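If you're wondering where the values come from, they're calculated on a predicted model, not measured in any experiment. We name chains A, B, ... by the order of the sequence lines, and we start the count at 1 in each one.
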Amino acid sequence: MTDKSEKTEGSRPLNFIEEIVEREIRDNINNGRVHTRFPPEPNGYLHIGHAKAICLDFGMAQKYGGKCNLRFDDTNPIKEDVEYVDSIKEDIKWLGFDWEDREYYASDYFGKLFEFAVKLIKEGFAYVDDQSAEVISKQKGTPTEPGIESPYRNRSVQENLDLFYRMNEGEFPEGARVLRARVDMTSPNMHMRDPIIYRIILSPHHRTGSTWKVYPMYDFAHGQSDYFEGITNSLCTLEFEVHRPLYDWFVDHLKTDDYRPHQTEFNRLNLTYTVMSKRKLLQLVQEKRVNGWDDPRMPTLCGLRRRGFTPESIRSFVEKIGYTKVEALNDVALLEHSIREDLNKRAMRVSAVINPLKMIITNYPEGLVEEMTIENNPEDISAGERLVSFSREIYIEQDDFMEEPPAKFFRLGPGREVRLKGAYIVKCEGFKKNEVTGVIEEIYCTYDAQTRSGMPESNRKVKGTLHWVSVPHALDAEVRIYDRLFSVEEPMANKDVDFLEYLNPDSLKVLTNCKVEASLAGVKPYDLFQFQRIGYFNVDPDSTPQHLVFNRTVSLKDSWAKVKNK
RNA sequence: UGUCUCAUGGUGUAAUGGUAGCACAGAGGUUUUUGGUACCUUUAGUCUGGGUUCGAAUCCUUGUGAGACAACCA
């Protein structure tokens, strides 16, 4: 009964995590509370894969009346920096989520974690190992062979305690000693073979300075931090599945009543034609294969934002791909669909000619300018209308004229008629061609004065409608045409080929001679538009009133391109 | 020669023992002053073998394939 009502409530069926949570609520596990956390490490920029996690962590809390904490997992002072903290917070807010006053850091718990380690030592569950990293690693065995016990495994509690305190006094150099949990060296799960839980790091931490000389490892910090914060559901990606027994082992030694957090793993987001690993993204930035973390070709949230993606489109995409335990490769076409779907509803339509070809309307009076009324968005009447100047000389798209057009070409060619969007029907009477280069330099048309939009004659059927910009009114603009960063679906799939080999050489084309309508004079960075018949574009932060710069977010679907390529 | 996880159209997902559905992509069409949008139609799927059952994508089992795990990273 309850099952049914819960399922029909939403517009889609529950995913497996929602099913788990609803069962827990029903069974009053953890008093029926739902409290999640998003735990980024402040060592890089967030990408769309993180967005999938953010939407789940914050989304579950929202859906079930719970809370979601933001917790920086800052247990490694060598790799982390405050620089990243701010960008991460900005990206989460931009995506549309709010952690309110619950901004935490694993480093907030260094004291409690240290005490817990001391407790484990006293109970015989942890020991100081004096061996080198290499030796410890060797003793760990392999996935198919058991490990062997360290000669230091049975040190006295007193000695362990003494050594551990002195490790934290800075008495020993980095690497000299570690603290290990005393679990099981023969466990088939490598993570249970006496994992290292504390190591000596002498570099200062970005938040705690030089207070500490020993720092907890991820496994010794994460579950415990969840516990300290009262987290109920610790949601993470599939590769942490093998860590779960250790997560539970620590929580079991920490908990004092029925409350306990537990970990559930879901599949990562992989996208075709890109890479998602922080290391690879860093490499692209460092080797200047892209222009920084916010390069519009990057799958980072700042990159997608600069490219013109909206938070709504990203959330909608994440909603569409779902959460399962199957390792998936998501088609970037679905992301593109999500942004088109969103922008179709909200983007103002404007006229921009990115590869200009001048048209002279020979029978149009010289010096005459007419103001044409054009709707701002046919999908949204409330967006209103605007006036656009029309004159004797206009720019049209080079692609909209062919000297010898094929049958299916609905645009302009010698003797053909087309409609100029919101203006007149014109007929091509001739063109000027550079005899040396073969380039069409100008085309000459006549217009039918009775076909101005709104006049009865304007209803005449013509095959095509072109966008245009009046020459004397046009604004110059730079347009950056972005395409997929890689030319293959899975740049990492072939182990014998460096992923850089698959970089798409045409992922960025800069067009500097573009002409846009005058209404674009006052645009601000991140403003969104549809360039009529071309695609969705936004204003790049590089843009100034003197030098307009637009990024192509995504092209419009182009059924002519399909016909043409047949 | 380990442990854990997974396997449904091209892709991502649903169906929780009872008509294999949805979205994207593909194909075709209608409408259209965007070759856009919207709408309609359509192609295409339960990894393999066995078992339980009136009935199996679902439960049991065999095999196959894929992934994760051997950082003093997270």
Peer 1: Is A:E171 salt-bridged to A:K213, cutoff N-O under 4.0 Å?
Peer 2: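 Between A:K213 and A:E171 there is no salt bridge, as every charged N stays at least 4.0 Å from the carboxylate O atoms.
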Peer 1: Suppose we call a contact any N or O donor and acceptor under 3.5 Å apart; does that hold for the side chain of A:T144 and the base of B:rU1?
Peer 2: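 In this structure, the two groups form no donor-acceptor pair.
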Peer 1: With rounding to the closest Å, how many angstrom separate the C1' atoms on B:rC24 and B:rG9?
Peer 2: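 It comes out at 12 Å once rounded to the nearest Å.
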Peer 1: Between atom CZ in A:F72 and atom C1' in B:rA74, what is the gap in whole Å?
Peer 2: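 These atoms are roughly 14 Å apart.
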Peer 1: Applying a 4.0 Å non-hydrogen cut-off, can you work out what A:G454 is touching in the nucleic acid: base, sugar-phosphate, or nothing?
Peer 2: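 Result for A:G454 = base.
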Peer 1: Distance check, P atoms only: B:rG67 and B:rU8, in whole angstrom units.
Peer 2: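 Looking at atom P only, B:rG67 and B:rU8 are 15 Å apart.
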Peer 1: Among A:I481, A:L343, A:L528, whose side-chain contact (heavy atoms from CB on, under 4.5 Å) with A:F537 holds?
Peer 2: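 That would be A:I481; it is the only one of A:I481, A:L343, A:L528 passing the side-chain contact (heavy atoms from CB on, under 4.5 Å) with A:F537.
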Peer 1: Have a look at A:I321 and say if it touches a base, only the backbone sugar-phosphate, or nothing, with a 4.0 Å heavy-atom cut-off.
Peer 2: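 Contact class for A:I321: sugar-phosphate only.
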Peer 1: Under 4.0 Å from OP1 or OP2 of B:rU13: is there any side-chain N or O of A:N330 that close?
Peer 2: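 The answer is no; no side-chain N or O of A:N330 sits under 4.0 Å from OP1 or OP2.
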Peer 1: Looking for any heavy atom pair under 4.0 Å, which part of the strands does A:S132 touch: base, sugar-phosphate only, or nothing?
Peer 2: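 Here A:S132 touches the bases of the nucleic acid.
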Peer 1: For B:rA68, take OP1 and OP2 only and decide whether either is under 4.0 Å from a side-chain N or O of A:K325.
Peer 2: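 So the side chain of A:K325 is outside the cut-off, no N or O lying under 4.0 Å from OP1 or OP2 of B:rA68.
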Peer 1: Parallel under 30°, tilted from 30 to 60°, perpendicular over 60°: which one fits the rings of A:F114 and A:F164?
Peer 2: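 Correct class here is parallel.
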Peer 1: Return whichever of A:A423 or A:P216 has its heavy-atom-nearest nucleotide of RNA chain B closer to the 5' end.
Peer 2: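 It is A:A423 whose nearest nucleotide is closer to the 5' end.
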Peer 1: OP1 or OP2 of B:rC69 versus the side-chain N and O atoms of A:H191: is any pair under 4.0 Å?
Peer 2: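 For B:rC69, neither OP1 nor OP2 has a side-chain N or O of A:H191 closer than 4.0 Å.
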Peer 1: Just call it for A:F317: base, sugar-phosphate, or nothing, with non-hydrogen atoms closer than 4.0 Å on any strand.
Peer 2: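 Here A:F317 touches no strand at all.
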Peer 1: So, does the side chain of A:E379 form a donor-acceptor pair with the base of B:rG36 at under 3.5 Å?
Peer 2: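 Indeed, a donor on one side and an acceptor on the other fall under 3.5 Å apart.
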Peer 1: Does A:T75 have a side-chain nitrogen or oxygen under 4.0 Å from the phosphate oxygens OP1 or OP2 of B:rC73?
Peer 2: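 For A:T75, the contact criterion (side-chain N or O under 4.0 Å from OP1 or OP2 of B:rC73) is not met.
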Peer 1: May I ask which nucleotide in the shown strands pairs with B:rA68, Watson-Crick or G-U wobble, both distances under 3.5 Å?
Peer 2: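 Check on B:rA68: paired to B:rU3, both distances under 3.5 Å.
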Peer 1: Give the nucleotide from the list B:rC72, B:rG35, B:rA74 with an atom nearest to the side chain of A:A133.
Peer 2: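 So the side chain of A:A133 is nearest to B:rC72.
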Peer 1: Looking across every strand, which nucleic acid part, if any, lies under 4.0 Å from A:F240 by heavy atom: base, sugar-phosphate, or nothing?
Peer 2: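 The residue A:F240 makes base contact.
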Peer 1: Please work out if A:A328 contacts a base, only the sugar-phosphate, or nothing of the nucleic acid, heavy-atom cut-off 4.0 Å.
Peer 2: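 It contacts sugar-phosphate atoms only.
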Peer 1: What is the nucleic acid contact for A:Q532, judged by heavy atoms within less than 4.0 Å: base, sugar-phosphate only, or nothing?
Peer 2: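 If one applies the 4.0 Å heavy-atom cut-off, A:Q532 turns out to touch a base.
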Peer 1: Look at A:R180 and B:rC72 and indicate whether a side-chain polar atom (N or O) is within less than 4.0 Å of OP1 or OP2.
Peer 2: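 No.
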Peer 1: Distance only, no hydrogens: is a donor on one side chain within 3.5 Å (strictly under) of an acceptor on the other, for A:T272 and A:E490?
Peer 2: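 The answer is no; no qualifying pair exists.
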Peer 1: Regarding B:rG35, can its base be found pairing with the side chain of A:R533 as donor and acceptor, where the two atoms are less than 3.5 Å apart?
Peer 2: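 Answer is no: no donor-acceptor pair is held.
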Peer 1: Want to settle it: does A:R177 or A:N15 sit nearer the 5' end of RNA chain B, counting the closest nucleotide to each?
Peer 2: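 Comparing both residues, the 5'-ward one is A:N15.
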Peer 1: With a non-hydrogen cut-off below 4.0 angstrom, is A:R411 in contact with a base, only sugar-phosphate, or nothing?
Peer 2: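 Base contact - A:R411 has a heavy atom under 4.0 Å of at least one base atom.
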Peer 1: Categorize A:K278 for me: base, sugar-phosphate, or nothing, with a 4.0 angstrom heavy-atom threshold over every strand shown.
Peer 2: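 No contact.
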Peer 1: Give one of base, sugar-phosphate or nothing for A:D219, where a contact means two heavy atoms less than 4.0 Å apart.
Peer 2: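 Contact class for A:D219: none.
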Peer 1: What integer number of Å spans the P atoms of B:rA15 and B:rA57?
Peer 2: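 Nearest-Å result for B:rA15 against B:rA57 at atom P: 15 Å.
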Peer 1: Name the nucleic acid region contacted by A:R193, choosing base, sugar-phosphate or nothing; use a 4.0 angstrom heavy-atom cut-off, strictly under.
Peer 2: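 Nothing: the residue A:R193, judged by heavy atoms under 4.0 Å, touches no strand.
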Peer 1: Establish, from distance only, whether the side-chain atoms of A:R37 and A:S234 form a donor-acceptor pair under 3.5 Å.
Peer 2: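 Note: A:R37 and A:S234 side chains meet the donor-acceptor criterion.
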Peer 1: Going through the checks in order, is the ring-ring contact (aromatic ring centres under 6.0 Å, His included) test met by A:F410 and A:W560?
Peer 2: CA-CA 9 Å; A:F410 301 154; A:W560 162 241; 7.4 Å; no
Peer 1: Between B:rU13 and A:T324, is there an OP1 or OP2 to side-chain N/O distance shorter than 4.0 Å?
Peer 2: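 The answer is yes; a side-chain N or O of A:T324 sits under 4.0 Å from OP1 or OP2.
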Peer 1: If you measure from the Lys or Arg side-chain nitrogens to the Asp or Glu carboxylate oxygens, is any gap between A:E312 and A:R346 under 4.0 Å?
Peer 2: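 Yes.
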Peer 1: What contact category does A:T272 fall into here, base, sugar-phosphate, or nothing, at under 4.0 angstrom with non-hydrogen atoms?
Peer 2: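 It contacts nothing in the nucleic acid.
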Peer 1: Could you check whether the side chain of A:Q530 and the base of B:rU34 have a donor-acceptor pair of N or O atoms closer than 3.5 Å, going by distance alone?
Peer 2: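 Result: at least one qualifying N/O pair found.
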Peer 1: Tell me which nucleotide among B:rC73, B:rC24, B:rU33 gets nearest to the side chain of A:R419.
Peer 2: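 Among B:rC73, B:rC24, B:rU33, the one nearest the side chain of A:R419 is B:rU33.
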Peer 1: Measure distances between side-chain N and O atoms of A:H243 and base N and O atoms of B:rA74, and say whether any donor-acceptor pair falls under 3.5 Å.
Peer 2: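 By the distance-only test, yes, there is a pair.
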Peer 1: What integer number of Å spans the P atoms of B:rA44 and B:rU58?
Peer 2: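 That atom pair is separated by 23 Å.
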Peer 1: Once you apply a heavy-atom cut-off of 4.0 Å, does A:N189 come out as touching a base, just sugar-phosphate, or nothing?
Peer 2: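 Since no nucleic acid heavy atom lies under 4.0 Å of A:N189, the category is nothing.
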Peer 1: For B:rG35 versus B:rA74, give the span between their C1' atoms, rounded off to a whole number of Å.
Peer 2: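 Approximately 49 Å lies between the C1' atom of B:rG35 and that of B:rA74.
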Peer 1: Identify the heavy atoms of A:K325 and A:E241 that sit nearest to each other, and give their distance.
Peer 2: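 Closest approach of A:K325 to A:E241: NZ-OE2, 3.0 Å.
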Peer 1: If we take the C1' atom in both B:rG55 and B:rA38, what is their distance in whole Å?
Peer 2: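 About 42 Å, rounded to a whole number of Å.
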Peer 1: NA contact type, A:V326, heavy-atom cut-off 4.0 Å: base, sugar-phosphate, or nothing?
Peer 2: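 If one applies the 4.0 Å heavy-atom cut-off, A:V326 turns out to touch the sugar-phosphate alone, with no base involved.
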Peer 1: Send over the distance from A:N459 CG to B:rU32 C1', rounded to a whole Å.
Peer 2: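 Between C1' of B:rU32 and CG of A:N459: 13 Å.
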Peer 1: Is there a side-chain polar atom (N or O) of A:K562 under 4.0 Å from OP1 or OP2 of B:rA27?
Peer 2: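 Checking B:rA27 against A:K562, a side-chain N or O does come within under 4.0 Å of OP1 or OP2.
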Peer 1: B:rG12, B:rU34, B:rU37: which one has an atom nearest the side-chain heavy atoms of A:L556?
Peer 2: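 Within the option list, the nearest is B:rU34.
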